[in-house]
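To start, the structure itself, in structure tokens.
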Amino acid sequence: MLAKRFGTEIEEKWQEEWDRRGTYTFNGLDEREPYSIDTPPPFTSGELHMGHALSYSYFDFVARYKRMRGYNVFYPQGWDTQGFPTETKVEKKYGRLPREEFRKKCEEWSAQMIDKMKESMIKLGFSPDWKHQYRTLDKEYHRKVQLSLHIMYDKEMVYRGEHPVFWCYKCRSALAKSDTEDLERETLLNHIKFTGPEGEELIIATTRPELMYACVAVMFHPEDERYKHLEGKEITTALGKKVKAIADKDVDKEYGSGLLMVCTFGDKQDIVWAYRHKLPILSILDENGKLKGTGEFDGLKPKDAKEKIIEKFKEEGKLVKQEKLPQVVKVHDRCKTPVEYALSRQWFADITKHKEEIKQMARKVKWFPEFGISYLDNWADSVEWDWVISRQRHFGTPIPFYYCEKCNATEKADSLPFYLESAPEKECRCGGKMKPEESVLDCWVDSSITPLIIAGWPDRKGWEKLYPASLRPQGVEIVRTWAFYTIYRSGLGVTGEKPWDSILLNGNVLAPDGRKMSKSLGNVISPMELLKEYPADALRQWAALSGAMAKDRPFSYEDIKFAKSFLNKVWNASRFVQGNLEGYDGSKPQKLGTVDKWMMESLNLAIEECTDAMEGFEFNRSMRKLHDFFWHDFCDDYLEYVKYRMYGSDAESKKAAQYVLHEALFSFLKLLTPISPHICEEIYHELFGGKEGNTITFAPWPKAGERFREEYEKVEPMRTLISKIRQEKSSSQLSQGAEIVLTSPRIELEPELLDEVKNIARIKEINEGEFGIKAVEDKKEESK
RNA sequence: GAGCCCGUGGUCUAGCGGUUAUGACGCCAGCCUUACACGCUGGAUAUCCCCGGUUCGAAUCCGGGCGGGCUCACCA
């Protein structure tokens, strides 16, 4: 017998059972069509947040659905381990350590975090293949990342070069834009006197006067009447240096004086201009971020130099005025130090050259929702520089190259995996010594080959059969990084073929107030906290309901409460069915009543709708249909309609009802299984002959059966009439079980259905007349 | 500023050319009907953001506003 209530103990029982049996282990290719899922490896922070709960539920729905559709589902779990956040945590705990020891601690820490997260994921009922896990810190993973870079190097896609990059002087590392965040602050806009070709006074506006030593040009808008005549002429800066005046449409006439100086580099726009107009690049910051080559201000930090140089200009009468200006500066998200642009020798990947090819390859992938591709297009269109793939950090994949300090030649490492500690010495053709690269790779370099990793590239036999992966599910906010870089590396760089057939985008979870969840706002909800009050199956239903594709949705307690009560409904209805299936042998009855056929047709419609929804990853649509079908048609109506037959003496009629109860509930459970597997598994084993070792999670997905369209429509007026009688009982303050005499105008129903009405609504007799009901008196007396 | 998404009862949501405009939560009334009071039966609540247009007919299509969200660029 089903227990009185459904809850966590039952869920845990099945989680352990699935694990014990290895239910979801991929046992290699077989006669079934494979379906592989390129699941996001979460960053190993140790905590599972609501975003994870939502997106991993999404992936799990797909995996479970596809299994039931008969695919050989390959659903491995990866872990993204390397990067700044881990280093920061470990550094905080152990302080600065020698390179190798530090890496070891990082590895230990990651392993602990993985254990924590895995435990949480199991509690949510996720069904990845725990036998096929990968971690980006593994030697094997390193080897493949490095190999993929060698391949790209041979195609001249990866190179060492000198380019402006984001630079954190505190951490002494190049940074990607994604490692930065914005800080609002107030600064001063300084108006400073320069000298024109005729010795006339020209005013430029700048927030970074200390960079004037790196000034390489003065610019104005081509249609600015004030300055038009300066084009190509020489201007003398306040420091006495001569630079050219250049017209450029990106200059804002209205801003400051309409005249500006270009320094290498004060901001991003300077870089654009420097490259556009092929200006010389002067570097006036040394490796510690202090000024050099200025003479008087050498060794000062920019901030101090700024004060000094302003003082100097003031004294010389070259400072015209200062205005307060609100400004947004980029700071390194880990240490909050303002980021500078610096010309630096780094490793790059040539994404600028391949923008169009990336966009083209993205078109070969099916996007869910379709508009998702626009995120990638927009990003590709805005890419201006190559991707800096090197980081001056420790916990990352080593860059498998050598370079010559003398002539800057580069060469691949001879054997992989390559580690600095064990790198053999090499000599350069120029006679110089080759240095093994000390930097490590950006984490996106690691994660942009996951489709290759899971396929088993390059050594596992038959890896080509698992590439492209069937599906890449991921968050919409990392289209510009993860999806973009994966197409570029796995697709263009290594295989020349798209990395996946389809991509499914999910949005983010907001706090119930509609704002982002953040620790500082104190509005964070944790899935593990929710699990104390709600079953995992309810949390998963919440995910299905929230998952309007690629759309952010606030977390909703209403949804999860509703999900919980729905589970309760499913449970109790199943208990009722279980009680009434006693003595039923499972065989098909001689004939079905019209009401039975109505139920079967309603089931057909639910199967069709859910199948269609699941095929398009519209889990909320499927879930909604399951609510409608089960709660209203099956429980509220069919169960009630059938009760008198269950308690009655007509054995044939009872058997027909039993058959329909059995079929409808079983099919419904299968439709619900991908979303809420635990409850379905338990009921399956209790009611539907689930034997030891069986699982509903591999049951074939239901198909619509014999159609009863005509009966379905015939029953509608009957349902309306019953609803009217129920209403009448309600407003007469009668219990629904009360026996009545019905007065009604002529009722247009077939005798069979009219009989049903009489039995269902407990009507003793029907008189013709104005619509009304009367309780059968003595019944009331009896109950008193 | 640019691109994308969105604006439907108090709240959230479905619908995307003709519906008495879906459902959930909440609210109100009645009902302990042998699965479920975490329930059942009903009820009230909507100028479908605004203004134009297309159409016999628009929440639904088009144009323009206004408002919100996300991503990007934010300026010397």
Side-chain angles (χ1 to χ4, degrees), chain A residues 2 4-6 177 182 189-190 204-209 211 215 218-220 248 250-252 255-263 266-270 272-273 325 327-328 330 369 371-379 381-384 476-480 507-508 510 512 514-516 538 545-546 548-554 556-580 620-621 624-625 627-628 631-632 635-636 639-640 643 646-647 722-739 761-762 783:
Chain A
L2 285 174
K4 190 116 177 109
R5 296 224 170 275
F6 171 71
K177 203 158 60 175
D182 291 345
L189 183 61
N190 304 283
I204 62 106
T206 179
T207 55
R208 307 280 312 260
L211 296 180
C215 175
V218 164
M219 302 225 270
F220 55 88
D248 191 289
D250 286 343
V251 179
D252 183 351
Y255 195 89
S257 58
L259 201 62
L260 62 89
M261 67 169 182
V262 177
C263 305
D267 64 23
K268 206 180 134 192
Q269 191 61 50
D270 283 342
V272 174
W273 283 325
L325 184 75
Q327 185 192 35
V328 179
K330 287 210 183 303
F371 69 76
I373 198 170
S374 67
Y375 291 102
L376 186 120
D377 284 345
N378 290 158
W379 179 253
D381 290 340
S382 73
V383 162
E384 291 171 275
V476 70
E477 74 284 357
I478 52 174
V479 167
R480 66 197 176 91
N508 288 302
L510 305 174
R515 294 186 295 176
K516 270 195 177 165
L545 290 168
S546 304
M549 261 184 272
K551 231 175 114 181
D552 290 352
R553 284 280 299 272
S556 151
Y557 279 103
E558 283 73 36
D559 280 358
I560 197 169
K561 274 183 201 158
F562 179 63
K564 192 182 171 185
S565 50
F566 184 63
L567 290 174
N568 192 248
K569 194 75 184 170
V570 171
W571 190 253
N572 282 307
S574 300
R575 288 176 61 215
F576 173 82
V577 172
Q578 185 173 35
N580 285 293
N620 56 342
R621 205 177 114 215
R624 236 189 349 260
K625 183 64 196 177
H627 286 152
D628 281 352
W631 209 314
H632 301 118
C635 291
D636 292 348
L639 287 192
E640 297 301 328
K643 273 181 180 168
M646 302 314 306
Y647 309 135
I722 290 173
S723 174
K724 244 171 121 181
I725 296 167
R726 282 171 169 172
Q727 187 177 332
E728 208 50 36
K729 283 187 176 176
S730 175
S731 56
S732 313
Q733 307 198 352
L734 283 172
S735 111
Q736 292 299 325
E739 196 173 20
R762 301 212 59 197
S783 62

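The basis for the numbers below is simple: all heavy atoms, side chains too, and nothing from hydrogens, waters or symmetry mates. Please read these numbers as outputs of a predicted model, since none were measured by experiment. So you know, we letter chains A, B, ... as the sequences are listed, proteins then strands, and number each from 1.
Distances shown here put a side-chain N or O of W631(A) below 4.0 Å from the OP1 or OP2 atom of rC40(B). For the OP1/OP2 pair of rC40(B) and a distance below 4.0 Å, the side-chain nitrogens and oxygens of S730(A) include no atom meeting the criterion. Checking the phosphate oxygens (OP1, OP2) of rA24(B), a side-chain nitrogen or oxygen of H632(A) falls inside 4.0 Å.
Nucleic acid contact for D252(A): base, since at least one base atom lies under 4.0 Å from a heavy atom of the residue. Among the atoms of the strands shown, only primed sugar atoms or phosphate atoms (P, OP1, OP2) are found under 4.0 Å from some heavy atom of M261(A). Among the protein residues, D559(A) comes within range of no part of the nucleic acid, since none of its heavy atoms lies under 4.0 Å from any strand.
Only the P atoms considered, rA24(B) is 23 Å distant from rU33(B), to the nearest whole Å. One C1' atom belongs to rC75(B), the other to rG69(B), and the distance between them is 25 Å to the nearest Å. The P atoms of rA46(B) and rU41(B) are separated by 24 Å, rounded to the nearest whole Å. A gap of 15 Å separates the P atoms of rG7(B) and rA59(B), to the nearest Å. Comparing the same atom, C1', in rA73(B) and in rG3(B) gives a spacing of 11 Å after rounding to whole Å. Spacing between rG9(B) and rC49(B) at atom P, rounded to whole Å, works out to 8 Å.
When every heavy atom of E640(A) is checked against every heavy atom of D636(A), the shortest pair comes out as CG-O, 3.0 Å.
Residue K268(A) places its side chain closer to rC74(B) than to any other of rC74(B), rU41(B), rC31(B). Out of rC72(B), rC70(B), rA76(B), the shortest distance to the side chain of R480(A) is found at rC72(B). Here rU13(B) is the nucleotide among rA35(B), rU13(B), rA76(B) with the atom lying nearest to any side-chain atom of R624(A). Side-chain atoms of K569(A) lie closest to rA35(B) of the nucleotides rA35(B), rC38(B), rU13(B). Taking every side-chain heavy atom of N572(A) into account, rA35(B) is the closest of rC75(B), rU41(B), rA35(B). Here the nucleotide nearest the side chain of V251(A), chosen from rA35(B), rC12(B), rA76(B), is rA76(B). Which of rA76(B), rG30(B), rG42(B) sits closest to the side chain of T206(A) comes down to rA76(B).
Ion pairing of K561(A) with E558(A) is absent here, as no side-chain N (NZ or NE/NH1/NH2) approaches a carboxylate O to less than 4.0 Å.
Not counting sequence neighbours, the partners of D377(A) by the salt bridge (Lys or Arg N to Asp or Glu O under 4.0 Å) test are R363(A).
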Could you list the protein-to-nucleotides 2-6 of chain B atom pairs, N/O on both sides, closer than 3.5 Å?
residue: rG3(B); atom: O2'; partner: N378(A); partner atom: OD1; Å: 2.7
residue: rG3(B); atom: O2'; partner: N378(A); partner atom: ND2; Å: 3.3

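Remark: ring of W571(A) does not overlap the six-membered base ring of rC36(B) in a stacked fashion, as centroids less than 5.5 Å apart with planes less than 30° apart are not both met.
Between the side chain of K564(A) and the base of rC38(B), no donor-acceptor pair under 3.5 Å is found.
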